J.: 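This structure is in structure tokens; I'll ask about it shortly.
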Amino acid sequence: MKKLSLFLIFFIFGYLSYSQVKISGVVLDVKLKPLPGVNVYLKDTYDGATTDDLGKFEFETIEVGQQNLVASYLGFENYEKGIELASSVKDLKIILKEKINELSLVTITASSFEASDERKVTVLKPLDIVTTAGAQGDLVSALKTLPGAQQIGEQEGLFVRGGTGAETQTFIDGLLVDRPFFSSTPDIAQRGRFSPFLFKGTIFSTGGYSSLYGQGLSGALILESLDIPERSASTLALSTIGVGAGIFKLYNDNKACVGGDINYTDLSPYFSLVSQKQSILSPPRFAGGTFFWRQRIKKTGIIKFYSYYNYGQLKYGFENIDIPTENQLFGLKNGNLYTNLTYKTSLANDWVLNSGISVSDNIDKIEFGGLKGDSVIYSTGIKNTSGLYQARAVFSKLLGQFSTFRIGAEHQIRRGNTNFSVFNFKTDDQYSAVFAESDLYYTSALALRLGLRGEYSSLIDKINLAPRISVAYKISPKTTANIAYGNFFQQPSLEYTYSLQDRDYSKASHYIANVQTVTKDYTFRTELFYKKYSQLIKTVPDTTLSGNGYAQGIEVFWRDRKTLKNVDYWISYSYLNTKRNWLNFPIEAQPSFAANHTANFVFKKFFTKIKTNISATYSYATGRPYFNPNRPEQEFLSDRTPDYHSLGISASYLTTVGKAFTVLVFSVTNAVGNNQVFGYRYSSDGTRRAEVNPPAPRFFFVGMFMSWGIDRRQEVIDNN
Amino acid sequence: MKLLYLFFFFFLLSVTITNAQSDKFQKSMENYVSKLDTASSASTFKALANGFERIATAEKTQWLPYYYSAYCYVLGAFMQRDPQELDKIADKSELLLNKADSLSQKNSEIACLMSMVNSARIMVDPQNRGMKYGMLSSQYLMTAKNLDPSNPRPYLLEAQSKIYTPEQWGGGKVAAKKSLDEGKSRLETFKPASKLHPTWGAKLVEMVEGQLKQ
């Protein structure tokens with residue numbers, strides 16, 4: 001018996017130490033190229049090896065019987081196969097398939113410029129869109145350096161591919177923003193209301209956009225707000241145009257944050273130094289504030305509240321072309337409130353809900369009249385109030401590995417009220433939309449987006465159905481081709497809608513094809529488009545929807561971050577051929593908001609030694625049509641303004657003051673002082689005319705931005 | 001009697017096997033850990049990362065092999081130039097570190113590596129990522145210091161990151177030297193919990209000193 005046990009023990013030890021088998025082979029990818037560095041091993045054992053440069057591996061094991069052989073490699077699907085270990089296993093051939101991840105998936109990019117998600121190689125980064133001299137920290141001004149947008153200086157908005165500013169809508173977290181810009185004043189383009197740093201993602205679509213959005217014939221600016229910042233902080237801003245202070249604080253184990261800011265803008269000191277074309281009676285003064293609160297709920301949910309209020313007023317006189325001895329008076333008092341509340345959460349069965357409600361209210365009190373010198377000789381007032389109240393919900397679900405399906409609905413209540421002397425004009429509309437969209441991936445290189453949107457407005461009392469389709473195909477790992485088609489509807493401006501006998505929506509159909517190559521250092525993109533307008537508003541001879549038009553062109557974008565050291569530059573070029581017959585046009589003509597050729601050159605360089613960032617933006621556009629009453633009808637809008645040139649320059653210096661990270665900023669628009677003519681205003685008899693141009697040839701800005709707790713200097717540099 | 005022998009036999013068998021198992025863990029780990037000092041090429045780090053990962057997945061309850069595997073990946077990451085590859089490596093390291101963290105919570109050494117992973121992510125796109133990941137990286141260093149004030153590694157990593165940070169931003173050679181000295185004095189007295197626990201740092205001291213002289 002003893003012998004037996006001893007034997008057994010020796011047997012076990014012998015077994016452990018002597019019966020080794022050898023396993024060897026090679027690991028290849030699907031193209032049969034050897035893969036070095038692959039971890040090949042027997043599951044749940046220490047035994048394994050790493051493949052060499054030729055993809056070969058070899059190791060010994062004392063394991064026997066049925067075992068699982070695993071090969072694992074970063075970015076590839078794991079390989080696992082049962083093998084019987086009796087004697088050595090030689091010449092195994094293992095083929096690993098590349099894992100399809102989101103980064104290698106083709107993305108649908110027809111006509112859209114995305115600046116978001118730092119993991120993806122996008123055309124622009126969130127910071128880039130505002131790293132633009134001359135933009136003065138205005139999101140929309142920065143987007144105007146991208147192809148597809150016009151250089152319009154006398155009116156706010158994004159004028160996209162032959163469309164008006166009203167044809168591009170702004171959305172924050174899916175919710176339509178009623179008044180994304182400060183209220184219009186004659187001949188001066190207003191800034192956007194929202195700071196670019198509220199958003200983690202920006203998509204600027206110049207056509208063919210998703211079915212999730214509607215009511216923009218030409219484009220969409222889709223903004224996604226930030227979640228919870230990394231750290232609490234406070235900020236202070238002092239500049240030649242005003243002061244501001246902000247604070248935000250994280251709490252509840254960094255799962256929630258609360259914050260806000262207040263700011264006061266007053267242009268009187270600036271206007272006393274730099275004379276303006278207009279005679280300023282009351283310089284622009286604005287006071288406002290924001291408040292936000294964000295809270296994570298469980299792992300995947302987040303609730304966000306944002307509220308903005310701003311009040312401002314200004315009054316000035318400008319040339320009266322009909323009565324040279326008098327000036328025209330314009331005064332504005334504006335109050336604007338915008339709030340939104342959004343909630344995102346995961347639901348059962350992999351559904352995700354994105355929902356939100358929003359309230360916005362706007363009051364404009366406008367004063368018109370005549371001035372002699374600085375005294376008002378007569379005046380009259382208009383009071384406009386408007387409100388937009390909306391709710392929206394979108395459910396989305398992942399289908400299979402990458403395809404997604406989205407379905408949702410939204411409802412908007414729009415109220416307007418205009419009081420002018422004894423007239424009182426009320427507008428009231430209830431608008432509903434339902435939409436569904438699916439991104440279908442056939443392979444990681446071929447994607448199809450199918451969408452359908454249905455809309456109903458109580459004022460128009462008709463349903464429209466807009467199908468949209470995009471196809472994206474990856475020609476090579478860095479190059480993608482896209483084609484897109486879609487229909488887009490928009491309600492005519494409410495004041496016209498009431499006069500219509502037969503109410504309906506204006507319509508645009510988009511046809512788009514592009515090719516783009518995006519690498520870490522370079523971006524090249526070229527796009528062809530055709531857009532057909534129908535059912536545009538005609539006001540002469542009668543208010544009808546018989547207007548129509550088209551826009552077509554080609555656009556090119558090139559960005560290079562590598563060739564020159566510490567330099568990032570991009571060039572965009574847009575060719576636009578567009579005509580329309582709408583409003584009071586006697587014939588089909590190129591509208592006054594469209595230039596045939598537009599080009600931008602954006603340049604940024606950081607000088608490490610002096611810790612200063614210098615950036616410059618040069619924009620060029622060919623002359624735009626203007627209305628000359630001395631022309632016969634056949635020559636309507638046939639004159640062109642002089643070409644437009646603009647060179648904006650800005651410099652930022654980084655330093656610290658006490659414990660505060662500080663940036664000093666200097667910037668100037670139109671540095672060389674080109675005369676920028678946006679159009680002409682004629683006297684009623686057509687004998688005299690005046691140029692429409694900016695209030696001053698240049699705008700100078702000097703400011704200091706300080707922050708405690710968080711290094712926001714990069715933001716400030718980019719903001720100016 | 002037969003039964004007793006049989007019992008004795010199984011007892012012996014189990015003892016031998018468990019002993020062999022923990023002995024095997026110790027020996028295999030020692031073998032790989034000893035190679036860390038001399039490793040310099042990306043392929044060696046890759047092979048070591050794989051080796052540690054095999055032990056980690058076989059053992060399932062030991063944090064050290066996960067930690068070392070991540071350590072090798074991170075060192076490999078600093079040799080990587082392709083941004084998409086770099087993110088993949090950083091993702092993998094984070095995955096391993098999360099496993100290590102679930103086995104040994106509030107561990108100063110793991111926090112150090114998390115800091116390194118976030119620093120590596122900056123390299124993909126310094127201009128756009130600098131702020132976010134730079135901050136995360138220094139937060140992890142802070143955590144690492146708090147969890148074990150005697151650990152020299154957070155100080156050494158801090159010294160390294162300060163060298164190329166401009167003085168106005170709290171960096172510079174003077175600040176780096178200060179962190180380095182703090183790290184060096186801790187490194188001299190640092191006692192690892194076992195032969196297998198992390199002791200690295202001497203090489204980093206040399207490197208930082210070299211960079212300070214430039």
Side-chain angles (χ1 to χ4, degrees), chain A residues 1-2 4-5 8-9 12-13 16 36-53 70 72-75 99 101 103-104 118-119 121 125-128 131 229-231 477 519-520 561 568 604 606 608 611 654-657 659 661-662 710-715 718, chain B residues 1-2 4-6 8-10 12-13 16-17 20-21 24-25 27-29 32 42-51 53-60 65 69 73 76 82-85 87-89 91-92 121 124-125 127-136 139 166-170:
Chain A
M1 218 46 186
K2 255 183 198 165
L4 179 64
S5 62
L8 273 170
I9 289 163
I12 291 155
F13 276 109
L16 286 175
V38 180
N39 199 0
V40 186
Y41 59 98
L42 294 177
K43 200 177 181 185
D44 293 328
T45 75
Y46 288 17
D47 304 332
T50 298
T51 57
D52 62 16
D53 286 345
V70 179
S72 86
Y73 188 55
L74 230 52
K99 209 185 266 173
N101 65 7
L103 295 173
S104 59
E118 55 183 32
R119 294 301 296 274
V121 181
K125 295 288 172 189
L127 290 176
D128 296 329
T131 319
E230 276 103 21
R231 237 162 107 174
T519 70
K520 185 180 162 254
R561 277 177 274 200
D568 179 6
K604 285 168 255 164
F606 189 72
T608 359
K611 287 171 274 304
L654 287 69
T655 182
T656 43
V657 174
K659 275 193 170 177
F661 297 113
T662 303
I710 183 169
D711 190 351
R712 291 172 72 105
R713 287 176 298 182
Q714 188 62 35
E715 289 182 7
D718 301 339
Chain B
M1 209 47 184
K2 248 186 193 174
L4 190 69
Y5 268 112
L6 211 60
F8 182 65
F9 162 63
F10 276 115
L12 251 180
L13 180 67
T16 353
I17 285 178
Q21 197 66 28
K24 192 169 142 199
F25 173 74
K27 280 207 173 122
S28 306
M29 285 294 285
Y32 286 131
S43 61
T44 322
F45 281 120
K46 182 80 236 225
L48 285 171
N50 284 344
E53 196 183 352
R54 287 196 292 271
I55 300 177
T57 46
E59 291 293 337
K60 293 187 179 68
S69 182
Y73 270 112
D82 183 355
Q84 290 211 2
E85 284 301 312
D87 262 333
K88 275 188 214 164
I89 297 173
D91 287 347
K92 175 77 183 184
R121 286 200 196 274
V124 178
D125 184 356
Q127 225 185 335
N128 288 295
R129 289 187 170 195
M131 198 165 69
K132 179 178 173 188
Y133 290 106
M135 200 179 296
L136 279 170
Q139 274 174 2
E167 279 166 37
Q168 283 86 342
W169 305 24

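The structure presented is a predicted model; accordingly, all values stated were derived computationally and were not measured. Here is the naming used below: chain letters follow the sequence lines, and residue numbers restart at 1 for every chain.
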J.: Taking atom NZ of B/K60 as the centre, report whether more than 12 heavy atoms of other residues, nucleotides or ligands fall under 6.0 Å from it.
T.: yes
J.: How close do A/G37 and B/N50 get, counting heavy atoms only, and between which atoms?
T.: O-ND2, 3.1 Å
J.: What is the distance from atom OG1 of A/T50 to atom NZ of B/K46, rounded to the nearest 0.5 Å?
T.: 7.5 Å
J.: Under a 4.5 Å heavy-atom cut-off, does chain A meet the side chain of B/S28, its backbone, both or neither?
T.: side chain
J.: Please look at B/I89 and chain A and tell me whether the side chain, the backbone, both or neither of the residue comes under 4.5 angstrom of a heavy atom of that chain.
T.: both
J.: A/V40 versus chain B, heavy atoms under 4.5 Å apart: side chain, backbone, both or neither?
T.: backbone
J.: Quick one: pull up CZ in B/R54 and CG in A/D44 and give me the separation to the nearest 0.5 Å.
T.: 13.5 Å
